[in-house]
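Structure first, then comments.
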Amino acid sequence: MPSSQAPHPTLLIPGPIEFDDAVLQSMSHHAESHVGPAFVKVFGESLTLVRKLFQSTSPTAQPFIIAGSGTLGWDIVASNLAEKGDEALVLHTGYFGDSFAACLETYGVHVTQLKAPIGERPSLGEIEQALKEKSYKVITITHVDTSTGVLNDVKSIAALVRRISPETLVVVDGVCSVGCEEIAFDEWDLDVVLTASQKAIGCPPGLSIVMCSGRAIDRYNSRSTPPASFYASIGNWLPIMQNYESLKPSYFATPATQLVHALHTTLSQITARPMAERFAAHTQASDRVKAAVAELGLSQLASKPESQAHGMTAIYLPSGLAPPDVLPGLMKRGVIFAAGLHKEIATKYIRFGHMGVSVTDTGRNDIDNAIAALKEALAEAKQAKGL
Ligand SMILES: *Cc1c(COP(=O)(O)O)cnc(C)c1O
């Protein structure tokens with residue numbers, strides 16, 4: 001079936017990503033009250049679908065869907081689950097570790113960053129040592145750092161934290177992983193996974209999605225000081241989410257109604273099939289991309305296979321080439337990749353996002369077309385530079 005979307009270059013950056021037609025169409029919904037029964041049902045079901053997305057059946061776990069970008073999730077964590085003067089351990093695998101740390105510091109939280117060299121991740125041994133040195137209220141893990149394409153082993157880190165420092169809340173920044181990397185919220189005993197609508201979930205930008213454990217909600221309830229934010233206050237949103245999910249109208253601040261329709265559509269599509277199947281499809285596509293990168297004689301920022309993300313690939317350019325030498329050639333061939341983001345090496349690499357419908361809707365042929373475009377654009381750029 002031909003797409004209902006205007007012809008456009010394929011957006012293969014690590015979010016926002018390409019949309020399914022039905023997701024976009026569900027946004028052109030007529031005006032409705034945000035507390036009317038029809039919308040309350042869509043919102044309530046969306047919360048239940050978020051539980052499915054996280055493979056969670058825990059009755060104490062609580063999903064939140066709030067208008068805002070992924071960054072709002074950091075503010076929710078920093079202003080509700082830690083207090084001024086508390087200690088937080090931030091595992092740093094790129095740009096997003098620095099930003100989460102800066103957010104925590106904004107609320108007076110004291111941050112220790114455990115930094116790995118570019119393209120690597122802190123080892124379990126290093127994390128264990130750090131956990132033994134101080135008592136941390138919170139540890140944050142960037143599941144996939146979008147600046148480097150480095151994947152963290154969240155399951156093993158969470159098990160380690162439970163063994164060494166059971167009171168520490170395990171917070172996962174899953175903005176670039178939820179919907180493409182395996183996450184089992186209950187089974188891995190996680191406390192917070194925060195994400196955004198526009199990455200592997202395949203919804204337009206504008207929604208912050210946060211899943212909290214019962215332990216995280218208890219932490220909020222036992223604060224000795226009020227939360228440090230009004231809009232981001234768990235106390236203000238918790239009854240709203242609970243009411244919507246039990247189909248009762250409720251108001252704290254107006255939800256982004258059209259985006260919630262889009263989210264409902266995409267999550268219904270995603271959870272209609274086993275999540276394991278979706279993760280396997282992303283792994284397969286990723287393997288194809290990584291093989292093509294190797295065949296082109298290029299290397300990835302994430303050097304070890306076990307620490308390579310499955311929804312994106314960060315690719316070093318041949319020496320002598322910078323992103324502006326290659327990205328226009330890709331655009332000419334109908335493909336949009338992203339430039340580098342890690343500030344120390346941003347001019348040396350490009351990023352290829354392979355998530356969502358570009359992976360699961362194989363009829364689109366997005367991944368193979370992009371690999372072919374990359375080959376041609378690189379050859380053209382090398383020739384132009386006499387390399
Ligand atoms: C994109 C991203 C964010 C920020 O999300 P916004 O929606 O841009 O606010 C945070 N963390 C990671 C890992 C990301 O990829």
Side-chain angles (χ1 to χ4, degrees), residues 11-19 64-79 88 90-106 111 113 115-116 118-119 121-122 138-154 157 170-181 183 190 192-211 229 231-232 256 259 262-263 266 282 286 301-302 307-314 336-343 346 349-356:
L11 188 59
L12 294 170
I13 63 176
I17 65 168
E18 283 291 315
F19 304 125
F64 295 82
I65 301 169
I66 303 175
S69 80
T71 300
L72 176 59
W74 296 341
D75 283 85
I76 291 172
V77 168
S79 63
V90 172
L91 304 187
H92 181 284
T93 46
Y95 177 91
F96 291 95
D98 286 326
S99 309
F100 204 159
C103 179
L104 286 156
E105 282 165 351
T106 299
V111 174
Q113 286 212 57
K115 291 198 180 196
I118 294 173
R121 62 191 192 189
V138 169
I139 178 173
T140 76
I141 309 162
T142 313
H143 197 180
V144 169
D145 195 294
T146 319
S147 73
T148 55
V150 169
L151 171 75
N152 263 308
D153 179 358
V154 169
I157 297 170
V170 176
V171 174
V172 179
D173 175 345
V175 179
C176 195
S177 71
V178 172
C180 65
E181 302 284 356
I183 298 178
L190 306 175
V192 177
V193 180
L194 59 96
T195 191
S197 48
Q198 79 274 20
K199 297 196 185 172
I201 290 175
C203 180
L207 294 176
S208 162
I209 299 161
V210 180
M211 185 71 166
S229 168
Y231 183 70
L259 285 170
L263 182 70
T266 195
H282 281 86
S286 174
L301 269 67
S307 56
Q308 290 167 355
H310 301 100
M312 65 165 290
T313 306
I336 302 177
F337 281 9
L341 179 61
H342 196 297
K343 53 185 182 287
Y349 74 104
I350 55 174
R351 295 173 299 145
F352 177 174
H354 31 88
M355 304 177 227

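Whatever order the structure lists ligands and atoms in, that order sets their numbers, starting from 1. The figures that follow rest on heavy atoms only: side chains count, while hydrogens, waters and symmetry mates do not.
Of the residues listed (S147, S307, P122), the one engaging T93 in a side chain to side chain contact (heavy atoms under 4.5 Å, CB included) is P122, and it is the only one. The side chain to side chain contact (heavy atoms under 4.5 Å, CB included) test with R351 is passed by exactly one of T146, I13, T313: T146.
Other residues, nucleotides and ligands contribute more than 12 heavy atoms inside 6.0 Å of the CZ atom of F64.
Residues I209 and I201 are in side-chain contact: their nearest non-hydrogen atoms beyond the backbone lie under 4.5 Å apart. Contact of the V175 side chain with the L194 side chain is registered, since non-hydrogen atoms from C-beta on lie closer than 4.5 Å.
D75 pairs by the salt bridge (Lys or Arg N to Asp or Glu O under 4.0 Å) definition with nothing, not counting sequence neighbours.
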For ligand 1, find each of its N or O atoms that sits under 3.5 Å from a protein N or O atom, and tabulate the pairs with distances to one decimal place.
{"residue": "ligand 1", "atom": "7 (O)", "partner": "G70", "partner atom": "N", "Å": "2.8"}
{"residue": "ligand 1", "atom": "7 (O)", "partner": "Q198", "partner atom": "NE2", "Å": "2.8"}
{"residue": "ligand 1", "atom": "9 (O)", "partner": "S69", "partner atom": "OG", "Å": "2.5"}
{"residue": "ligand 1", "atom": "9 (O)", "partner": "G70", "partner atom": "N", "Å": "3.3"}
{"residue": "ligand 1", "atom": "9 (O)", "partner": "T71", "partner atom": "N", "Å": "2.9"}
{"residue": "ligand 1", "atom": "9 (O)", "partner": "T71", "partner atom": "OG1", "Å": "2.5"}
{"residue": "ligand 1", "atom": "11 (N)", "partner": "D173", "partner atom": "OD1", "Å": "3.3"}
{"residue": "ligand 1", "atom": "11 (N)", "partner": "D173", "partner atom": "OD2", "Å": "2.7"}
{"residue": "ligand 1", "atom": "15 (O)", "partner": "T146", "partner atom": "OG1", "Å": "2.3"}
{"residue": "ligand 1", "atom": "15 (O)", "partner": "K199", "partner atom": "NZ", "Å": "2.6"}

